[in-house]
J.: 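Here it is, the structure, as structure tokens.
Reminder, nothing fancy here: chain letters follow the sequence lines and each chain counts from 1.
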Amino acid sequence: MTKKDIIVLLETIATYMELSLENPFKVSAYRKAAAAIETDGRSLAEIEDFSAIKGIGKGVNEVIVEYRNAGRSTVLDDLKSSVPEGLVRMLKIPTLGPKKIAKIHKELGITSMEELKEACENKEVSALSGFGAKTEENISKAIDELLTRPERYPIERIISFRTAVEDVLDDMETVRKYDVAGSGRRFKETSRDLDYIIEVTDVAEFTEKFLESPFIKDTVAQGEKKLSVTIENDMDEINVDFRFVTADEYFTTLHHFTGSKDHNVKMRQIAKSRGEKISEYGVETDGGLKTFDSEAAFFDHFGLPYIPPAMRETGEETEVDVSGIVSMDDIRGDLHMHTVYSDGAFSVREMIEACIAKGYEYMIITDHSKSLRVANGLYENRVYRQIEEIKGLRDEYPEIDIYTGTEMDILKDGTLDYPDDLLAELDYVIAAIHSSFSQTEDEIMHRLRSACENPHVRHIAHPTGRLIGRRAGYPVNVPELISMAKDTGTVLEVNANPRRLDLSSDVIRHSGLKLTVNTDAHHTAHLEFMNYGVAALQKGLIQKEDVINTFSRDAFRKFVNKGK
DNA sequence: GCCGTTTTCGGCCCGACTGTTTTCAGTCG
């Protein structure tokens with residue numbers, strides 16, 4: 001049993017209670033308790049008394065104690081015997097909440113999505129009071145979509161949806177200003193939909209023109225304040241909402257719809273304690289409604305520093321000192337990139353010039369090692385040739401320190417792809433797993449341990465091998481890897497490629513790790529991925545001094561030369 | 001169900017839109 005099991009239990013109880021039409025605040029108490037456990041940095045074994053955690057009182061604690069001792073929950077068992085499983089799935093249907101579902105269940109005896117679909121077709125739903133023909137049609141349509149459309153898209157896919165929409169917005173004269181809000185702006189790993197805050201000169205004109213776009217699939221809602229549509233892009237569909245705002249409201253609305261929900265709740269509590277009230281239109285103060293000309297000014301009004309969107313998750317961000325948390329301005333180099341020597345698209349020289357253009361003070365060329373044949377990994381002789389090339393280029397580019405390096409494979413038996421004498425010739429060694437993903441956790445941990453214990457290996461790249469929404473990666477015991485890294489002085493990477501974001505923000509939070517954030521660029525354009533990685537660090541509330549590529553040029557040189 | 005100190009009862013974030021009503025409940029973000 002882990003902490004996660006307890007969290008899932010409490011959330012499951014909350015959902016079933018919701019469908020039992022339990023007091024909404026009681027439901028929310030269970031959800032808050034689950035969130036409090038998630039936020040708590042300790043593991044299950046380290047938590048003796050759950051009731052000491054704020055948000056967990058006598059009732060929830062009893063549920064946890066029973067579950068911990070007996071592996072079951074009477075509360076949940078009772079709920080499950082009164083609420084059919086199928087009703088839980090129905091909560092995913094937009095416009096259907098607990099009250100409507102309870103009514104459908106009670107009046108029509110329906111217990112599954114399939115039965116609900118059939119009832120819609122038989123016009124039984126529209127016969128209920130409070131339900132009409134339109135509702136019935138929407139439910140029926142939503143069920144069809146739920147069975148085909150994925151619930152959330154990975155951030156990489158979200159970026160391509162955004163590009164499609166924003167290309168259109170950028171060409172419209174009526175558009176004065178817009179920003180994506182919601183989970184997209186917060187750099188969440190996955191998003192369900194896109195939210196835009198937009199200032200236009202004429203809502204009617206905007207709506208008419210935008211709805212002519214070829215990617216429009218459906219109009220969900222249309223009003224003076226809001227337009228909601230479904231768009232289609234590369235065979236995938238997503239909902240896009242636009243909130244029309246005046247210039248005055250812009251930043252309070254942007255803040256409001258950027259969320260997260262928990263962040264907003266926290267901000268409103270702060271406002272309330274000062275006798276003020278936050279809405280998307282501004283802050284109600286004694287002196288009337290106050291609006292702001294930036295989000296920074298909004299936060300400043302409450303005596304808070306600017307909190308970057310990526311950090312706005314649990315509410316904890318309003319209580320910690322965010323001034324020391326890493327930002328894009330702090331990043332002085334990229335330590336992981338490829339060239340044409342292996343599977344990159346650009347030469348060493350081109351990568352150098354691209355890094356200089358980004359204003360970096362240092363960089364490391366880290367091509368693949370010999371065993372990674374699919375990526376044209378370098379045999380020893382080509383490593384030596386690349387070292388010579390880099391040495392020859394250093395004089396030409398005094399504005400940047402160019403280090404020699406490798407992204408070396410950790411082979412399936414735990415041995416490393418290059419011998420120590422070659423590794424000693426390189427300035428910097430990254431190790432990574434690219435093969436035999438289906439090994440057991442023990443085998444994988446043996447490989448990672450072998451790399452961490454090698455005196456030349458400075459950092460482990462994309463430590464879990466996951467691709468967001470596509471593959472889970474190989475089985476890593478993350479807490480064990482973290483303590484291994486600390487014991488051996490090995491740095492762990494947050495890979496900034498939006499397909500990876502590995503390690504993820506949730507495992508680095510409160511980890512106390514030394515980290516590095518790198519793009520793993522295979523193309524000069526990939527150097528731009530840095531902001532995704534930095535956002536992941538910000539989500540983890542990581543301090544600047546814990547990220548080695550924020551070091552000054554001198555400090556980084558010392559770090560490289562000193563070794564482990 | 002949880003919390004708190006000017007409270008152990010009475011709050012718990014706030015507003016728009018839809019669909020169904022004929023003044024509003026439910027859902028959503």
J.: Tell me, please, which residues at least two apart from A:F257 pass ring pair (Phe, Tyr, Trp, His ring centres under 6.0 Å).
T.: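 Listed in chain order: nothing, the list is empty.
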J.: For A:D218, which residues count as a side chain to side chain donor-acceptor pair (under 3.5 Å) partner, sequence neighbours excluded?
T.: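 For A:D218 the side chain to side chain donor-acceptor pair (under 3.5 Å) partners, ignoring immediate neighbours, are A:K141.
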J.: Side chains of A:R186 and A:S183 only: does a donor on one sit below 3.5 Å from an acceptor on the other?
T.: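 The answer is no; no qualifying pair exists.
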J.: Tell me, for nucleotides 24-29 of chain B in 5' to 3' order, what letter each nucleotide earns: B for a base near a protein heavy atom under 4.0 Å, S for only sugar-phosphate near one, - for neither?
T.: --SSSB
J.: Contacts to DNA chain B from residues 245-255 of chain A, heavy-atom cutoff under 4.0 Å, which residues?
T.: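 None, since no heavy atom is under 4.0 Å.
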J.: Between B:dA25 and B:dG10, how many Å separate the two P atoms, rounded to a whole number?
T.: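 After rounding to an integer number of Å, I get 23 Å for this pair.
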J.: Could you work out, with side chain to side chain donor-acceptor pair (under 3.5 Å) as the rule, every residue matching A:H105, not counting sequence neighbours?
T.: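 Per chain and number, A:H105 pairs via side chain to side chain donor-acceptor pair (under 3.5 Å) with no residue.
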J.: Enter syn or anti for the glycosidic conformation of B:dT7, syn applying to angles within 90° of 0.
T.: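 Syn.
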J.: Taking ring pair (Phe, Tyr, Trp, His ring centres under 6.0 Å) as the definition, give me every residue that meets it alongside A:H462, ordered by chain and number, with sequence neighbours left out.
T.: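 Applying ring pair (Phe, Tyr, Trp, His ring centres under 6.0 Å) to A:H462 gives A:H434.
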J.: In whole Å, what separates the C1' atom of B:dA16 from that of B:dG11?
T.: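 Approximately 24 Å lies between the C1' atom of B:dA16 and that of B:dG11.
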J.: Among residues at least two apart in sequence or on other chains, which ones pass side chain to side chain donor-acceptor pair (under 3.5 Å) with A:T291?
T.: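 By the side chain to side chain donor-acceptor pair (under 3.5 Å) rule, A:T291 matches no residue at all.
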J.: How is A:N138 classified with respect to the nucleic acid when contacts are heavy atoms under 4.0 Å: base, sugar-phosphate, or nothing?
T.: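 If one applies the 4.0 Å heavy-atom cut-off, A:N138 turns out to touch the sugar-phosphate alone, with no base involved.
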J.: State which residues pass ring pair (Phe, Tyr, Trp, His ring centres under 6.0 Å) with A:F244; sequence neighbours excluded, sorted by chain then number.
T.: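 Only A:F206 meet the ring pair (Phe, Tyr, Trp, His ring centres under 6.0 Å) criterion with A:F244.
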J.: Taking side chain to side chain donor-acceptor pair (under 3.5 Å) as the definition, give me every residue that meets it alongside A:E166, ordered by chain and number, with sequence neighbours left out.
T.: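 Partners of A:E166 by the side chain to side chain donor-acceptor pair (under 3.5 Å) criterion, ordered by chain and then number, come out as A:R162, A:Y196.
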J.: Sort and list the pairs that fulfil ring pair (Phe, Tyr, Trp, His ring centres under 6.0 Å) and have at least one residue in residues 144-176 of chain A, not counting sequence neighbours.
T.: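 As it turns out, the ring pair (Phe, Tyr, Trp, His ring centres under 6.0 Å) pairs with a partner in residues 144-176 of chain A, which skip direct neighbours, are A:Y153-A:F161.
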J.: Anything under 3.5 Å between a protein N or O and an N or O of nucleotides 6-10 of chain B, put it in a table, one pair a line.
T.:
none

J.: How is A:A133 classified with respect to the nucleic acid when contacts are heavy atoms under 4.0 Å: base, sugar-phosphate, or nothing?
T.: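 Sugar-phosphate, no base atom in range.
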J.: My understanding is that only residues two or more places apart in sequence, or in another chain, count here; which of them pass ring pair (Phe, Tyr, Trp, His ring centres under 6.0 Å) with A:F25?
T.: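 Result, ring pair (Phe, Tyr, Trp, His ring centres under 6.0 Å) vs A:F25: none returned.
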J.: Nearest heavy atom decides the nucleotide; on that basis, is A:G130 or A:N61 closer to the 5' end of DNA chain B?
T.: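 The residue whose closest nucleotide sits nearer the 5' end is A:N61.
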